[in-house]
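Just so we're clear, the structure is a prediction, and the values are computed from it rather than from any experiment. Numbering of residues begins at 1 and proceeds along the displayed sequence. When a ligand or atom number is given, it counts from 1 through the structure's own listing order.
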Amino acid sequence: MTPNGPTALGSRSEEILAELWRLRERDAPTHGGRLLSYVYDSGRAELDALAGAAAELARPVNGLDPTAFPSIAAMEGDLVRFMRRALGGALRRPFDGGPVVGSVTSGGTESCLLAVKTARDLWRARQQTDDPVRRPMPRIVAPETVHAAFRKAALAFGLEFDGVPCQPDGSVAAADIVSRLGSDVALVVVSAPAYPSGFLDPVGEVAAAAKARGISCHVDACFGGLVLPWWPGLPLWDFRVPGVTSMSADLHKFGYAPKGVSVLLHRGRVRHRAQFFATTRWPGYPVVNPTLLGSRSASPLAAAWAITRRLGDDGFADLTQSCVRSVSAIVAAVQGSREAWSARPGIPGLAIWGSPTGPAVALVADESVPPSEQVDPHHLADEMARLGYRLQHQPGFTQANGVRLPHSVHLTITPVTEGTLAGLITAMRTAADAVRGKPAANPWLELGALKLLGYGSAAVRSRVPGPRVAWLILRVAGAGGSSLPGNMAPLMALVELLPAPVAEALLTELIARVSEP
Ligand SMILES: *Cc1c(COP(=O)(O)O)cnc(C)c1O
């Protein structure tokens, strides 16, 4: 059924769809628990069917104008109401600056970009001068583990990104963040939790310090916003904390909606309105854009709306409990359990990175045992890819103060994981046994190859290559596309070794070539 009435597809259209099916066959498996990032699988077929039907119903409308399409305004209002209740923002306290209100965006990155733009505009409005030359460049202060979207936002909106170094276990001390707050800080960001490590940043202390200094404080709950509200035993981390001025939460993650939907909530209408762009200064229709996009799809919004209505608080609580059980099972499988009645050995040589809160878990080599017994996480992930499980490689990262965060692999645990736990844990053991003692990939081998290309000395190596040389380097380094995803470790090692601008140029080239006609 389409809005123009029931339509049977002609044979040419059927052929085209068959072609698309064939293309889809080479994709990573979106369902069934073998892909542990990118796709958030509730494990419930009915939710997917509901999301698909709702998305199809909303497909023809344009989210640009909620007065022409009141269904959009109604769904957006419902989603904001649901989310502000989940995130502790339903209570109205007169001293808080008004109700928590917000907007539906196209995803986490857009929510983060808008949080930064809003804070920057409010910061600018408080400056003594309008003269951009005499005004300092505003800063964003955030732990180094904050999502890369905030570095992108800093670049896009003219702020300096001031990353606060973390401990090697991925944790960050509130005092280290607070000591950087000053009058040029437009926004301080903490994560709930941080994507790379699963660490829940110290929201309470940071928000209190920000409030005392009149600085905006964003809690990035893009990842955790639809699981942590039902996760047991957490300190306050949301709008219940005074001083939290905005929050982001992705409905296309643990809201189980198809990609393209997130929310950004603000404490108070004044803040929310600062997010908008409106202009009457062109000869066309008066423009009012709450978000970065103009015309926008209503399909992901409709899907998210339908799923949250179907699940409600109880449904999300159930799905979250499943994640809680899976995370403890995986942590126990890696670390082993020492209880006398159920002593189990764990996976020797492998460790959990730091202490995660929520469904993001990262694996690292256990450096307390000799190298010959360690399991390199990137080799592990490559081996698991051969066994049909896709984990996400995270390169090691040397922070500004020289403290290194270890290279790791990321697992996002979703409700589907529980039904496939035995297979996943067996694969982890098998893969660990296969690579135990194998040293981390050695990028110097590839760098040897680079020498042949005249890219040998450090000085030359820091020269950012253009598309042609970058592609040559990638091919010589054996990362020309076809060897992925089963052989990411050498590429990641190269990323760790090269100066960031060079590594970024190589990865840009890799991805650009993938879809070049
Ligand atoms: C996923 C994520 C983002 C960015 O979201 P996209 O939806 O990928 O644009 C931002 N912050 C955190 C913590 C995330 O997990």
Side-chain angles (χ1 to χ4, degrees), residues 28 30 35-41 79 83 87 102-119 140 142-156 161 163-164 166 170-172 187-203 206 217-229 231 237-238 244 246-265 291-293 296-297 300-301 303-304 323 353-354 356-362 391-392 394 397 405 408-414 511:
T30 56
L35 180 61
L36 288 113
S37 58
Y38 301 115
V39 176
Y40 298 70
D41 186 354
L79 269 180
M83 287 311 303
L87 299 177
S103 302
V104 171
T105 73
S106 67
T109 297
E110 192 182 17
S111 291
C112 297
L113 288 171
L114 280 170
V116 171
K117 187 209 91 84
T118 303
I140 302 175
E144 294 275 26
T145 45
V146 82
H147 195 277
F150 289 94
R151 293 171 200 259
K152 185 179 193 173
L155 208 60
F161 180 85
V164 181
C166 299
S171 69
V172 64
L187 182 66
V188 56
V189 186
V190 281
S191 304
Y195 184 87
S197 59
F199 183 72
L200 176 60
D201 287 339
V203 178
V206 172
C217 175
H218 182 79
V219 175
D220 179 11
C222 279
F223 187 84
L226 283 124
V227 264
L228 295 197
W231 204 271
W237 58 279
D238 55 18
V244 170
S246 59
M247 294 189 72
S248 48
D250 287 352
L251 287 149
H252 66 200
K253 288 182 181 160
F254 288 95
Y256 312 107
K259 292 297 178 256
V261 57
S262 168
V263 291
L264 174 61
L265 301 180
T291 64
L292 295 174
L293 304 184
R296 47 182 181 150
S297 169
L301 163 68
C323 297
W353 186 20
T357 297
V361 175
L391 316 186
Q392 198 171 44
Q394 303 185 132
F397 180 69
L405 303 179
S408 59
V409 285
H410 169 105
L411 286 75
T412 290
I413 307 306
T414 62
I511 300 303

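Within the model, atoms SG of C222 and OH of Y195 stand 12.0 Å from one another, a figure rounded to the nearest 0.5 Å. Atoms CG and OG1, from L36 and T414 in turn, are 7.0 Å apart once rounded to the nearest 0.5 Å.
Salt bridge annotation for K117-E110: absent, with no cationic side-chain nitrogen under 4.0 angstrom from a carboxylate oxygen.
Among protein heavy atoms, atom 1 (C) of ligand 1 sits closest to K253 NZ, 1.3 Å. Nearest to atom 11 (N) of ligand 1 among the protein's heavy atoms is D220 OD2, 2.6 Å. Nearest protein heavy-atom contact of atom 10 (C) of ligand 1 is H147 CG, 3.2 Å.
Near C222, with a cut-off below 4.0 Å to any heavy atom, the atoms of ligand 1 are 2 (C), 3 (C), 10 (C), 11 (N), 12 (C), 14 (C). The atoms of ligand 1 that sit less than 4.0 Å from any heavy atom of H252 are 7 (O). Applying the 4.0 Å criterion to heavy atoms of T109 picks out, from ligand 1, the atoms 4 (C), 5 (O), 6 (P), 9 (O). Near D250, meaning under 4.0 Å from one of its heavy atoms, ligand 1 places the atoms 1 (C), 5 (O), 7 (O).
Heavy atoms from other residues, nucleotides or ligands lying under 6.0 Å from NZ of K152 number 12 at most.
Using a 3.5 Å distance cut-off with no hydrogens or angles, the side chains of H218 and S248 do pair a donor with an acceptor. When only modelled atom types and interatomic distance are considered, S197 and T145 share no side-chain donor-acceptor pair under 3.5 Å. Of the N and O atoms on the side chains of T412 and H410, at least one donor lies less than 3.5 Å from an acceptor on the other residue. T105 and T291 are not linked by any side-chain donor-acceptor pair at a separation below 3.5 angstrom, with hydrogens and angles left out of the test.
Distances between N or O atoms of Y195 and those of ligand 1 include no value under 3.5 Å. Residue G108 places at least one N or O, backbone or side chain, under 3.5 Å from an N or O of ligand 1.
The proximity of E110 to ligand 1, defined as any non-hydrogen pair under 4.0 Å, does not occur for either the backbone or the side chain.
The closest approach between K259 and ligand 1 stays at or above 4.0 Å for every heavy atom of the residue.
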